[in-house]
Amino acid sequence: MKSDLVLYNTLSRKKEVFKPIDPEVIGMYVCGPTVYGDAHLGHAKSYVSFDLIYRYLKHIFPKVKYVQNITDVGHLTDDADEGDDKIAKQSRLEKVDPMAVVEKYMHNYFRDMDALNVERASIYPRPSGHIPEQIEIIEDLIKKGYAYEVNGSVYFDVAKYNEKHDYGKLSGRNIEEMMEGAANRSLEGQSEKRNAVDFALWKKAEPTHLMQWNSPWGKGYPGWHIECTVMSQKYLGDNFDIHGGGLENAFPHHECEIAQAEAHTDKAFANYWLHNNMVTINGQKMGKSLGNGIFCHELFSGDNFQLDRAYSPMTVRFFILQSHYRSTLDFSNEALEAASKGLDRLQKGVLRLENLKASNNSTIDVKAFEDELYQAMNDDFNSPIAIAKLFDGLKWIAALEKGDERLTEKDLAHFKKTYHTFYFDILGLKMEKNEGTKNEVLDDVMQLVLAFRKAAKEQKDYATADQIRDKLKALKIAVKDSKDGAEWHFED
RNA sequence: GGUCGCGUGGCCGAGUGGUUAGGCAGAGGUCUGCAAAACCUUGCACAGCGGUUCGAAUCCGCUCGCGACCUCCA
């Protein structure tokens, strides 16, 4: 059951049965963030998605080595600020060293990911710490004739590579068409390159460039594809299981990674390529130029003009997991609100599980329930289906409480374990009761207040009882009556 | 312009050649002094137009709409 994992491989554009190189240790590399700004909703979707994948792989296989880079070497901005890289630009803006920019936003990234209950990867390598390794591979590529130096910069010779390999196999591109297209398009650009489709392995640095290193070709800095090739192979080997990243990076970034790696080793690079889709906001794409970006910390605080209120990290995580990682996810307050309420109900169900009593026979097929959950996850990590199954199970929890359904002690334990495994371990959800400021003294005081209210109710003094409840509500404390007496909790 | 993907009910979002996705909201009900919660029941769908088929929302074509990538470059 657990071994029939099927995943969608961008390389083949099909779902394939996952066959690990070594079932004892799975290797996975995922392109991480460039840390020049805070993590936004798009990062949240991406890294929650790969966290789900990581958690499920860890659940199935003995060990998973998960490597995620933290890009700290500047790369050019996408806003037509030619020649200025993102980190350097932010560095000038903040008037601090580039590495201070990196340090600050890297910590913010971890802070936000921790809040989302994203588990830490095994290794977070940084390109700036792997300059010698990058230079080494570039030298090897030059030696093998796949790269050439011009004027202090080094470029990858795509046409040469394509003679014996298939450039474009990941993104479904055809090199001839690309060369034609390039010829018809920009006449300007890098005249240093032999061919428009070639890409930089090493760039000569202007004296004003903030980040630069010595190399056999003079002062410069690495191209933006080589870091991932180098670091994935260094920590996972020449050939490894899974490489993940955002769909928008499939071309050219991932395509170039493959070219560099396979030219260097003449072996297959990653066996499976997984790409997650993006976030839209009210049906529109999220983008700096549109001014509709939302940072994670803004979601958690509600401090953004597009947000009606704050949404807890678990609400955001649950919202993301309710759609498939390969689908686009449309953000709206309505959708977040729905996720918040749904998660609340599911969470209460998981808590209610604890009070169920065993019977001497079972009327529910727990094994079938468990199998359905595994089937969902085995089908390319289909968390929306798994979540739907957990909601279906809620009906049983209610029926078990009423005695309309029964479970033996053994089956009940199995049922609980199944819920816990999927809810906590695989989906990575955690209880998020707003109890941060609850403490024993306050609880004692509340018991006192509730005792007075109970006395008022017994004397049918509902005006007083309701007043107590209303005043407490104003203090963000909700009181709920039930058969077993009154309960209280903080409101969001 | 080129390559690729998507378009599901009020909202979000799975899935499939013929059978209930699920959540939220809505409607009705149980419970309750009231409220809340919980539980039960329930309405609403597959962008448009053609084609293949006994049968398509699911396959094919076209149209419209949306998105990613196509330049040095996370």
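For clarity, every value in this text was computed on a predicted model and none was experimentally measured. Every chain is numbered from 1 and lettered A, B, ... according to where its sequence line falls, protein lines coming before strand lines.
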Atom [atom1], compared across [N] and [M]: separation rounded to whole Å:
| N | M | atom1 | value |
| --- | --- | --- | --- |
| B:rG23 | B:rA14 | C1' | 11 Å |
| B:rA25 | B:rC11 | C1' | 7 Å |
| B:rA57 | B:rG17 | C1' | 10 Å |
| B:rG43 | B:rG7 | C1' | 24 Å |
| B:rC60 | B:rG1 | P | 23 Å |
| B:rU8 | B:rG67 | P | 14 Å |
| B:rG13 | B:rC69 | C1' | 25 Å |
| B:rA47 | B:rC64 | C1' | 8 Å |

Give the rounded distance in Å between these two atoms: [atom1] of [X] and [atom2] of [N].
| X | N | atom1 | atom2 | result |
| --- | --- | --- | --- | --- |
| A:Phe422 | B:rG22 | CZ | C1' | 16 Å |
| A:Tyr311 | B:rC24 | OH | P | 16 Å |
| A:Glu248 | B:rG5 | CD | P | 18 Å |
| A:Leu247 | B:rC4 | CG | C1' | 9 Å |
| A:Tyr155 | B:rC73 | OH | C1' | 12 Å |
| A:Asn276 | B:rG67 | CG | C1' | 14 Å |
| A:Asp198 | B:rC73 | CG | P | 10 Å |
| A:Arg173 | B:rG5 | CZ | C1' | 12 Å |

Residues 383-392 of chain A vs side chain to side chain donor-acceptor pair (under 3.5 Å), sequence neighbours excluded, gives none

*asked:* Just checking A:Tyr155 against A:Trp202, ring centres under 6.0 Å apart?
replied: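 Ring-ring flag for A:Tyr155/A:Trp202: false, centres at least 6.0 Å apart.
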
Going 5' to 3' through nucleotides 10-16 of chain B and flagging B where a protein heavy-atom sits under 4.0 Å of the base, S where only the sugar-phosphate is that close, and - otherwise, we get -SSSSS-

The contact string for nucleotides 33-41 of chain B, one letter per nucleotide 5' to 3', using protein heavy atoms under 4.0 Å with B, S and - for base, sugar-phosphate only and none, comes out as BBBBSSSS-

Can you check whether A:Lys389 has a side-chain N or O nearer than 4.0 Å to OP1 or OP2 of B:rG22? no

Quick one: list whatever passes salt bridge (Lys or Arg N to Asp or Glu O under 4.0 Å) with [X], sequence neighbours left out.
| X | answer |
| --- | --- |
| A:Asp38 | none |
| A:Asp51 | A:Arg55, A:Arg317 |
| A:Lys234 | A:Glu133 |

With heavy atoms under 4.0 Å as the rule, sort A:Asp461 into base, sugar-phosphate or nothing.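 Contact class for A:Asp461: none.
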
Under 4.0 Å, heavy atoms only, any strand: does A:Ala250 hit a base, just the sugar-phosphate, or nothing? nothing

With sequence neighbours excluded, residues passing side chain to side chain contact (heavy atoms under 4.5 Å, CB included) with [X]:
| X | result |
| --- | --- |
| A:Glu94 | A:Gln90, A:Val96, A:Lys104, A:Tyr105 |
| A:Lys348 | A:Asp344, A:Lys480 |
| A:Ala121 | A:Tyr66, A:Gln68, A:Tyr124 |
| A:Lys395 | none |

Notebook entry, point to check: Does any non-hydrogen side-chain atom of A:Phe199 lie less than 4.5 Å from one of A:Leu201?
Noted result: yes

By nearest-heavy-atom nucleotide on RNA chain B, the more 5' of A:Ala200 and A:Ala388 is A:Ala388

inquiry  = Taking A:Ala399's backbone N and O only, do any of them form a donor-acceptor pair with A:Asp404's side chain (distance below 3.5 Å, no angle check)?
reply    = no

Original post:
Passes side chain to side chain contact (heavy atoms under 4.5 Å, CB included), A:Thr280 versus A:Phe331? Steps please.
Top reply: CA-CA 6 Å; A:Thr280 56; A:Phe331 166 90; over 6 Å; no

Per-residue pairing states of RNA chain B in dot-bracket (Watson-Crick or G-U under 3.5 Å; . unpaired, | other strand) read (((((((..(((.....[...))).(((((.......)))))....(((((..]....))))))))))))....

Show me, pair by pair, the donor-acceptor contacts under 3.5 angstrom made by side chains of residues 5-14 of chain A, not counting sequence neighbours?
| residue | atom | partner | partner atom | Å |
| --- | --- | --- | --- | --- |
| A:Asn9 | OD1 | A:Leu11 | N | 3.1 |
| A:Asn9 | OD1 | A:Trp273 | N | 2.9 |
| A:Asn9 | ND2 | A:Glu16 | OE2 | 3.4 |
| A:Asn9 | ND2 | A:Asn271 | O | 3.0 |
| A:Thr10 | OG1 | A:Trp273 | O | 3.1 |
| A:Thr10 | OG1 | A:His275 | ND1 | 2.7 |
| A:Ser12 | OG | A:Asn9 | O | 3.4 |
| A:Ser12 | OG | A:Lys14 | N | 3.4 |
| A:Ser12 | OG | A:Glu16 | OE2 | 2.4 |
| A:Arg13 | NH2 | A:Ser171 | O | 3.2 |

